[in-house]
**Student:** 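Just dropping this structure here.
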Amino acid sequence: MITISKFYITTPIYYANDKLHIGHATSNVIADVLARWHRLIGDDVFFVTGSDEHGEKIEKSAAAAGMQNIDFVDYEVRKFKELWQRLNISNDCFIRTTEKAHEEAVKAFIEIIGRNQDIYKAKYSGWYCVHEETFWTELELKNGKCPECGREVKILEEDAYFFRLGKYQGRLLEFYNKNSFVLPPYRQKEMFNRIAGGLRDISITRPSVKWAIKFPLDQDQYIYVWVDALVNYLSALGWPNGANFKRFWPPDVHVIGKDINWFHSVVWPALLMSSGLQLPSTILATGFWTVNNEKMSKSKGNVVDPIALIDKYSADALRYFLIREKGTGEDGSFSEDAFIARINGELVADLGNLVYRVLTLAEKAGEDAKFEGRNELGKKLEMEKLEKSMEGIDINSGLNAIWQFIREANKYVNENKAWALHGAELSNALYNLLEACRVISILIYPFMPETGEKIAAQLGAKIEFRQCAFSPDGKFSGKIKKGGYLFKKIKV
Ligand code: ME8
């Protein structure tokens, strides 16, 4: 039984100097599938994505492009929005960290944790990676370079303000012991061990990075970009005063990549504890895509552009591949061959073929044909398993359960030799098959919205979750209007 409730889901806000690739696209597709699923089952959903626009990295990219910072991010953000539109990402809000309301929210947040005695001034010295906007200890460096991206690091010493992260070690451990917070579970263990190993206080200001929000407690300082960025999850709801904050806080799922798990699963909860706000329910740390088993990087020239794939194969095909090819928490290797194999072997041969065959038979049966019978095929749909997977934020398993049913429906056509049936037997088979296609159109909708709608339109049916079972009266009551193929076979 699904209970109706509010559902607040977010993606990372991406750096506004990045050219977004299939890795970024995956986080947004995962969040979109979950948002659409929750809307489908009747939940009150708020879905946020956005852009992270401050910091040294952005400043440098703007200078390299010969542009003013704000003009540069405006230009980049237009491309973000275009990509999300092309991918049918149904976000309710696009938050930009250069918006006035966001900047005010960040300052208000800092003032609260300052009042709670969690901020102090000290000298900061450490190895700093500009690209990751992160300080590292000597021990953390890998061959003297940034352990995250492998770039050069530099020693920085400066006055800074610190957040008492260390003070929250005990409360964080207690929270981790009581809650299944980070998914997959081994990522929770990883973070638990790091917390248990001891937490250093973190600097939350920079005197030198001026493309940033002013630190409200000292006019000579600017807020560290990560604190600025994390507060987007509050400012997107209009915190502190917005009605959406009351309606949607706390977040149900923060979808992130495994690279930023520390900030979301340790720093963010500690900041929220300090400010007295409720903690998110789940951090979903997704795995990374490599390309033909190599890390995606500009220097290797192997960064996969989602727009090119959408142009070539369609948004739904890309959404399908990104979710189906690997478990959300796992790493995976992208290759165009594997993508084409899934289009031809699954979207064309399983789903497209099923819908085409069934609608051809239904149309052949004639305008006055009745599609009536007893539910045989509906029992093969493992609805409970599917609902459990989606509730457990395991959308790869959810999609697998739907696919299992699509294959059962094709098996039903073959085993009953549906094409050779007549009279009551044909009517019964088509009742089962048309109802199967109708239910599939609803279930597939969060994953492939255009395809779900196309199937529903051919059946004269609606995408409504309460209709998501075979009709109990034993009748298919849609109006058939066969269309073309859902997916085109790709020649290899
Ligand atoms: O970290 N495979 O932004 P970012 C899968 N602004 N996902 C990938 C990926 C890959 N190869 N590469 C990147 C930031 N990602 C901060 C976030 S949030 C308050 C601030 C995805 O532009 C993944 O979701 O570097 C990762 O967490 C995110 O892009 C990082 O994007």
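Each ligand, and each atom within it, is numbered from 1 in the order the structure gives. In this chain, residues are counted from 1 in sequence order.
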**Student:** Regarding Arg96 and Asp52, does a basic nitrogen lie under 4.0 Å from an acidic carboxylate oxygen?
**Tutor:** no
**Student:** How would you list, by chain and number, every residue that makes a ring pair (Phe, Tyr, Trp, His ring centres under 6.0 Å) with His24, sequence neighbours excluded?
**Tutor:** Tyr14, His21
**Student:** Identify the protein heavy atom lying closest to atom 17 (C) of ligand 1, giving its residue, its atom name and the separation to 0.1 Å.
**Tutor:** Ile13 O, 3.2 Å
**Student:** Mark yes when over 12 heavy atoms from residues, nucleotides or ligands other than Lys79 sit less than 6.0 Å from its NZ; otherwise mark no.
**Tutor:** yes
**Student:** Less than 4.0 angstrom from a charged side-chain N to a carboxylate O is my criterion; do Asp331 and Lys326 meet it?
**Tutor:** no
**Student:** Look at atom 29 (O) of ligand 1 and say which protein heavy atom is nearest, naming residue and atom and giving the distance to 0.1 Å.
**Tutor:** His24 CD2, 3.1 Å
**Student:** What closest approach, in Å, do Glu99 and Phe94 show between heavy atoms, and which atom pair accounts for it?
**Tutor:** OE2-O, 3.7 Å
**Student:** What atoms in ligand 1 come closer than 4.0 Å to a heavy atom of Ala229?
**Tutor:** 19 (C)
**Student:** In ligand 1, which numbered atoms sit nearer than 4.0 Å to a non-hydrogen atom of Asp18?
**Tutor:** 4 (P), 22 (O), 25 (O)
**Student:** Relative to ligand 1, is Phe263 under 4.0 angstrom through side chain, backbone, both or neither, heavy atoms considered?
**Tutor:** neither
**Student:** Check each atom of ligand 1 against the heavy atoms of Pro12 and keep those under 4.0 Å away; list them by number with element.
**Tutor:** 18 (S), 24 (O)
**Student:** Please report which non-hydrogen protein atom sits nearest to atom 2 (N) of ligand 1, along with the residue it belongs to and the distance in Å to one decimal place.
**Tutor:** Trp289 N, 2.9 Å
**Student:** Given Thr49, which of Asp32, Asp92, Thr11 fulfils the side chain to side chain donor-acceptor pair (under 3.5 Å) condition?
**Tutor:** Thr11
**Student:** Take a 6.0 Å sphere around NZ of Lys258 and say whether it holds more than 12 heavy atoms from other residues, nucleotides or ligands.
**Tutor:** yes
**Student:** Show your reasoning for whether ring pair (Phe, Tyr, Trp, His ring centres under 6.0 Å) applies to Phe46 and Trp249.
**Tutor:** CA-CA 10 Å; Phe46 200 71; Trp249 192 262; over 10 Å; no
**Student:** Near Asp52, which atoms of ligand 1 are under 4.0 Å from a heavy atom of that residue?
**Tutor:** 6 (N), 16 (C), 20 (C)
**Student:** Quick one: do Glu158 and Lys123 make a salt bridge, cutoff under 4.0 Å?
**Tutor:** no
**Student:** Looking only at protein heavy atoms, identify the closest one to atom 12 (N) of ligand 1 and say how far it is in Å.
**Tutor:** His21 CE1, 3.2 Å
**Student:** Can you find an N/O atom of Ile256 closer than 3.5 Å to an N/O atom of ligand 1?
**Tutor:** no
**Student:** Would you mind running through ligand 1 and noting each atom that sits below 4.0 Å from a heavy atom of Tyr14?
**Tutor:** 3 (O), 22 (O), 28 (C), 29 (O), 31 (O)
**Student:** Closer than 4.0 angstrom, basic N to acidic O: yes or no for Glu56 and Lys154?
**Tutor:** yes
**Student:** Could you tell me the residue and atom name of the protein heavy atom closest to atom 5 (C) of ligand 1, and the distance to it rounded to 0.1 Å?
**Tutor:** Gly23 CA, 3.3 Å
**Student:** Applying side-chain hydrogen bond (donor to acceptor under 3.5 Å, both in side chains), run through Asp394 and Ser389 and close with a yes or a no.
**Tutor:** CA-CA 5 Å; Asp394 180 4; Ser389 299; 5.0 Å; no
**Student:** Would you please determine whether Trp226 falls within less than 4.0 Å of ligand 1 on a heavy-atom basis?
**Tutor:** yes
**Student:** Touching ligand 1 at all, Asp259? Heavy atoms, strictly under 4.0 Å?
**Tutor:** yes
**Student:** For residues 213-220, tabulate all N or O donor-acceptor pairs below 3.5 Å that involve a side-chain atom, not counting sequence neighbours.
**Tutor:**
residue: Lys214; atom: NZ; partner: Gln219; partner atom: O; Å: 3.0
residue: Asp218; atom: OD1; partner: Asp220; partner atom: N; Å: 2.8
residue: Asp218; atom: OD2; partner: Tyr161; partner atom: OH; Å: 2.7

**Student:** Among protein heavy atoms, which lies nearest atom 1 (O) of ligand 1, and at what distance?
**Tutor:** Ile260 CG2, 3.5 Å
**Student:** For Ser27, take its heavy atoms, then give the atoms of ligand 1 lying under 4.0 Å from any of them.
**Tutor:** 23 (C), 24 (O)
**Student:** Which is it for Lys295 and ligand 1 at heavy atoms under 4.0 Å: side chain, backbone, both or neither?
**Tutor:** neither
**Student:** At the 4.0 Å heavy-atom cut-off, does Lys258 count as touching ligand 1?
**Tutor:** no
**Student:** Which ligand 1 atoms are under 4.0 Å away from a heavy-atom of Tyr233?
**Tutor:** 18 (S), 19 (C)
**Student:** Within a distance under 4.0 Å of any heavy atom of Gly287, pick out the atoms of ligand 1 and give their elements.
**Tutor:** 5 (C)
**Student:** Which residue holds the protein heavy atom closest to atom 3 (O) of ligand 1, what is that atom called, and what is the gap in Å?
**Tutor:** Tyr15 CD1, 3.4 Å
**Student:** Please determine whether the number of non-hydrogen atoms from other residues, nucleotides or ligands lying under 6.0 Å from atom CD of Glu152 exceeds 12.
**Tutor:** no
